[in-house]
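Read through the structure below, which is laid out as structure tokens, and then see the notes.
Chain A is the first sequence line, chain B the second, and so forth, proteins listed ahead of strands; every chain is numbered from 1.
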Amino acid sequence: MAENNPFPGENNTGHFWDDNLRELQNPPPRWWMIGFWLSVAWWVLYSILYPMWPMPFETEDGEGYTKGILGWTSIKEYKQGVEQVQAVREQYDAQIADMTAEEILQDPGLTQYTLASSKVLFGDYCAACHGSGGQGNPGYPVLADDDWLYGGNLTKIAESITNGRKGAMTAHASILTEQEVDTLANFVVQLSEGGAGSEADWELYNAKGCQACHGAKGNGVLAELPNGDIVTVGAANLTDSIWRFRPGGYESAKHTILYGVNQVGVEGTRDAVMPGFAQLGQLDGKLTPDQIKMLTVYVHQLGGGQ
Amino acid sequence: MEYVDQPAAMDAIYAEAEQWHVNTGGETIHAKRIPGRWRTFKWVASSVWLVFFLGPYLRWDGRQAVLFDIPNRQYHLFGATVLPQDFWMLSLLLLFFAILLAVATALAGRVYCGYFCFQTVWTDVFTWIEEKLEGNPAQRRRLDAAPASFSKFRSRALKHLIWVLIGFATGFSFVAWFYGAGKLWSDFFVGEANAAVYASVALFTVGTYVLAGWLREQTCFWLCPYARIQGVMLDPTTVVPTYDEQRGEPRGRMKKGETEGNRSTGDCVDCNQCVAVCPTGVDIRQGQQEGCITCGLCIDACNSVMDKIGRPRGLVRYASLDEIEGKPVPAMFARPRVWVYGAILVIALSGIMYGFSTLAAIELKVLHERAPLFVQLSDGSIQNKYTLKVLNKSNDDLAVRISVDAPVPVVVVGAEEPIAAHHGQVTPAMVFVKVKRSDLDGESMPLTFVAEADLADGSTVTTPRESAFFGPRP
């Protein structure tokens, strides 16, 4: 065909259709070819530098591919990232280890660090009962308010986390008459709404031994120490508007009076048990003293720490 | 229907197609340099790029006047410091330049390509150096064709060395805008700058050398998206370098003995100078085409020839297609497109100016705690928890006072002491607000936090931030 090429000198392949359709063999632009060979070179370089080729046999660490001379792996990069984060955290953690909870709260920067990092601890250990933001759950106290049955200062909070708490109240179904239960239930509703209660109510309250736990004023305080601390057994403060067992009100109060709290063998009794987190039996591991310290600061800052 | 001898009809088209030469870089363009008005204008316009090289050495208030400090996320522009939070202004700036590009192209073609683009400007400088070292285009073509020799190698080596040095200066200056010029000079040459700095300088050196030294006009033809975008923004009213066909054709060489009075040719003497000077190697006499960067060098070339032979200038001139075809040409400002583009420019510019004039030294964000939304306290009052984030954009640490504006009496806990806000950083703080239950008449009420700080210059800056207070259903 080439000998009778009607379009000589234009670098065609010698293939013609319909008189003048023909295939040319012009080279691609030079910049394009440079780009092409550069990317081939990059591909070769990459396979030398980085892990790339699958291998039919496994090497000593059980991986069947070429390693690349840089030794890069994604998991190594991830671990380096984690190390960097830990290096930053270690500085703060080292400082916190030598400080008390009070001292941490004096330092705004460390307080912020403690709050940010304890959020995870709180989520793991506390939020299941007390809610993600300390908003509480039916039967489990709100941590974001200022009502603390066992005391709301740093020492008391740390104590609660470390050793746990277990409330106790006698079931009065067999001790009080229906009339007396009704009177006392109405009495505590009245107190919670800011009422003073009649003399007869207070007489019944004292006569039935309520004051032994709920205190002479009904606010759960048995004694006030000279340093301002209060002595309690964890009995509810009947004079504030917060109810230990929700939803609160007459029926709720009556139920608690009748069946008590944590009474063995009493059906319908209220549950009020918090495990001690320094020696967790049922959960995997336990909290270290430093973790308890950080959680103490966290809970104290939720909204009502004293 | 009558049979048409199609192959024969097509032959004329194919014959024409053979004339079309597509520049794929197989042959180096050695453009001739001819002095003239547009040549001078190109140098003046190109010199705008001196700002790129010298800008980093400008000082303001004891620091680099313009510094894009990426690691610290602070962008210093003379007296102002812009943080990432103010970056909405960047989008307006980009809009401004995009529209500026469009309006310039609609009015006068690829002004950017011809006079300001770093690709054409750097290429121009590179070929100028080439001319100084290797001679005029004819000499350079001879050198290209000459066999390898020591003298060829020597002149080539010097040229490439200078090109690489310019590439290095380009990369070095670019990095100086981000790294700080003084610090770069002291760190770079002793190996103390970071890997990103060395990589950027290396990338710019190689990129400048390859793009301006080797690829040249091929970049405009095959790589540059702007070249294509700008090409479609022209219309018949756009003023671009144009060959006046009516005047020039039929073109023909001057013959001995032919006088101006009895010549049969048009004004074009077919001297090919317009092609010889073209940096992208196109023939302007074929009309507007993608290779034309509208640099006007062919106008200079043609005018110099017209001057020599005593014919009027302007055979190749800045003119619109309408003008060449003899249609009426409306004044530039009678065109609606100019006004629409102009309006967008003004809006973008006023947005940027508004942004800069309202750059507050502090910024306050208020995050309302959601779990729990509110807490009832033992005295019956309702407490809400807020996380405040105070951004200090000034250059000094500030004591930021927080107050709360509310329609009912509130007690604010946690904001008794001013927040120590570190400069250039966000400082968080926790604040509790208590409201008496009896004062709440709905599930929520509006609340405004006000951050206030005394600046170093004695003035006081105040930033309000609206939020809400939530309570139980009444």
Any chance [atom1] of [X] has more than 12 other-residue heavy atoms, nucleotides or ligands included, within less than 6.0 Å?
X	atom1	answer
B:Trp214	CH2	no
B:Glu417	CD	no
B:Tyr209	OH	yes
B:Asp441	CG	no
A:Gln306	CD	yes
B:Lys159	NZ	yes
A:Tyr150	OH	yes
A:Trp37	CH2	no

Once you round to the nearest 0.5 Å, how far does [atom1] of [X] lie from [atom2] of [Y]?
X	Y	atom1	atom2	value
A:Ile242	B:Asp379	CD1	CG	8.5 Å
A:Arg30	B:Leu215	CZ	CG	9.5 Å
A:Asp145	B:Ser381	CG	OG	10.5 Å
A:Thr111	B:Met430	OG1	CE	9.0 Å

With a 4.5 angstrom heavy-atom cut-off, could you sort out which part of [X] is near chain A: side chain, backbone, both or neither?
X	answer
B:Gln376	both
B:Leu377	both
B:Ala429	backbone

Open item on the list: Quick check: do A:Gln135 and B:Leu373 have side-chain heavy atoms less than 4.5 Å from each other?
Closed with: no
Task: Flag side-chain contact, heavy atom, 4.5 Å: B:Lys385 against A:Leu302 - done: yes
- [ ] Write down the atom of B:Pro372, the atom of A:Gly133, and the distance for their closest heavy-atom approach.
- [x] CD-O, 3.3 Å
- [ ] State, without any angle test, whether B:Ser378 and A:Asp147 hold a side-chain donor-acceptor pair at a distance under 3.5 Å.
- [x]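 Short answer, no.
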Open item on the list: Less than 4.5 Å to any heavy atom of chain B: does that hold for the side chain of A:Gln301, its backbone, both, or neither?
Closed with: both
